[in-house]
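Please read the structure below before turning to the comments.
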Amino acid sequence: MPAIPQLSEPAFRGFTRLMHETAGLSFPDTKLPLINSRLAPRLQQLGLARFEDYLEMISRPNDGGELQVAVDLLTTNETYFFREPAHYELLAEELTRRRLPSVSAWSAASSFGDEAYSTAMLLADLATQGRISPSWQVLGTDISDRVLRSAVQAIYPEDRLRHVTMEQRRRHCLVGEGASAGLVQMHPRLSERVRFGQLNLCRPIEDIGPFDVIFLRNVLIYFDTATKREVVDRVLTQLRPGGLFFIGIAEGRVACNTPLTPLAPGAFIKGQA
Ligand SMILES: C[S@@+](CC[C@H](N)C(=O)[O-])C[C@H]1O[C@@H](n2cnc3c(N)ncnc32)[C@H](O)[C@@H]1O
């Protein structure tokens, strides 16, 4: 059996530089073993013995999508429906109070789409109850086309919907039977209001807004302090003044140049109170 490839210090530096330049990802020196263990199986799969060769492969302009595979292996796409439920409760209250003519929301690191569809379920229910305008839509974006392809399919293992009530499932989901037992698909009524697209938060963003609500949750952890600030300011250019901005509850107060008014843990209003 071929030996397991070992990541050298210089190759580690090459990886961290490339990941920072292309996806904004930051890896301190302590992460050498992590990069080694996450990527070694991929090298073996490709029949490569040396990390230097893999680095060379993903650095080529025509890398056949391998850089994306490496980014996927080095980040986590973990997500589930109604993660951090306090944010959805707050969103419902705030939107009910605001009476906007329409509501547009952006899940800016959407992963498999759980956050985008959770938001869609909430907005659909609020609209049915007459608490928001019937004119609403959701956009989900991510750097990874692998997760986006899955998001468009809108099919999930039931476990990911553990925080979705039975009534919500009945209203918004199709439940799989036979070979599809244990899977749930978003109802077309819901998925037709949710779009997905690829977007790297570390590159300039063309005008895709303005949005009334932006989720940027559980992605800032991958960036260093300077990149976090740039990403947050860049994302906030797409939020209307007075719009709602959510980051992960554990991500604390993010330093940025755009004025924000804290509302609750991980929740802010764009602008000064
Ligand atoms: C842990 S998931 C967060 C999913 C969801 N927001 C949540 O809170 O459940 C992080 C996502 O960030 C994405 N990501 C990492 N770097 C990115 C970048 N530079 N631009 C856009 N998305 C990125 C990853 O592909 C991954 O799907």
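Values reported hereafter were calculated over all heavy atoms of this structure, with side chains retained and with hydrogens, waters and symmetry mates removed. In listed order, ligands and their atoms are each counted from 1.
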Hydrogens and angles aside, do [X] and [Y] bring a side-chain donor and acceptor to less than 3.5 Å of each other?
| X | Y | result |
| --- | --- | --- |
| S8 | E52 | yes |
| Y80 | E115 | no |
| D125 | T128 | no |
| W106 | T141 | yes |
| Q6 | N36 | yes |
| R42 | Q45 | yes |

Out of all atoms in ligand 1, which are within 4.0 Å of some heavy atom of [X]? Include the element for each.
| X | result |
| --- | --- |
| L201 | 18 (C), 19 (N), 20 (N), 21 (C) |
| A23 | 19 (N) |
| T79 | 4 (C), 5 (C), 7 (C), 9 (O) |
| N218 | 1 (C), 2 (S), 3 (C), 7 (C), 8 (O), 10 (C) |
| V219 | 12 (O), 14 (N), 15 (C), 23 (C) |
| S111 | 4 (C), 27 (O) |
| N200 | 18 (C), 19 (N), 20 (N) |
| E115 | 5 (C), 6 (N), 7 (C), 8 (O) |

Do me a favour and list the nearest non-hydrogen protein atom to [atom] with residue, atom name and distance?
| atom | value |
| --- | --- |
| atom 27 (O) of ligand 1 | D142 OD2, 2.7 Å |
| atom 7 (C) of ligand 1 | R83 NH1, 3.3 Å |
| atom 16 (N) of ligand 1 | L25 CD2, 3.9 Å |
| atom 2 (S) of ligand 1 | T76 O, 3.5 Å |
| atom 4 (C) of ligand 1 | A109 O, 3.2 Å |
| atom 22 (N) of ligand 1 | I143 N, 3.3 Å |
| atom 26 (C) of ligand 1 | N77 ND2, 3.4 Å |

- prompt: With no hydrogens and no angle check, is any side-chain donor or acceptor of Y222 less than 3.5 Å from a backbone partner on T76?
  reply: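 Checked: pair present.
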query: Strictly under 6.0 Å, is that where the ring centroids of F81 and H163 end up?
result: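 No: the rings miss the under 6.0 Å criterion.
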message: Pairs of nitrogen or oxygen atoms closer than 3.5 Å, one from Y80 and one from ligand 1: do any exist?
response: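 No; every N/O pair is 3.5 Å or more apart.
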message: In this structure, does ligand 1 have an atom that sits under 4.0 Å from one of the heavy atoms of L199?
response: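 Yes, that is the case, since the closest heavy atom of the residue is under 4.0 Å from the ligand.
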message: Does K270, at its NZ atom, have more than 12 non-hydrogen atoms belonging to other residues, nucleotides or ligands within less than 6.0 Å?
response: yes
message: Please verify the inter-ring angle class for F268 with F245; under 30° counts as parallel, over 60° as perpendicular, anything in between as tilted.
response: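 Tilted.
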query: What is the distance from atom CG of L239 to atom CG of D212, rounded to the nearest 0.5 Å?
result: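 One finds 8.0 Å between CG of L239 and CG of D212.
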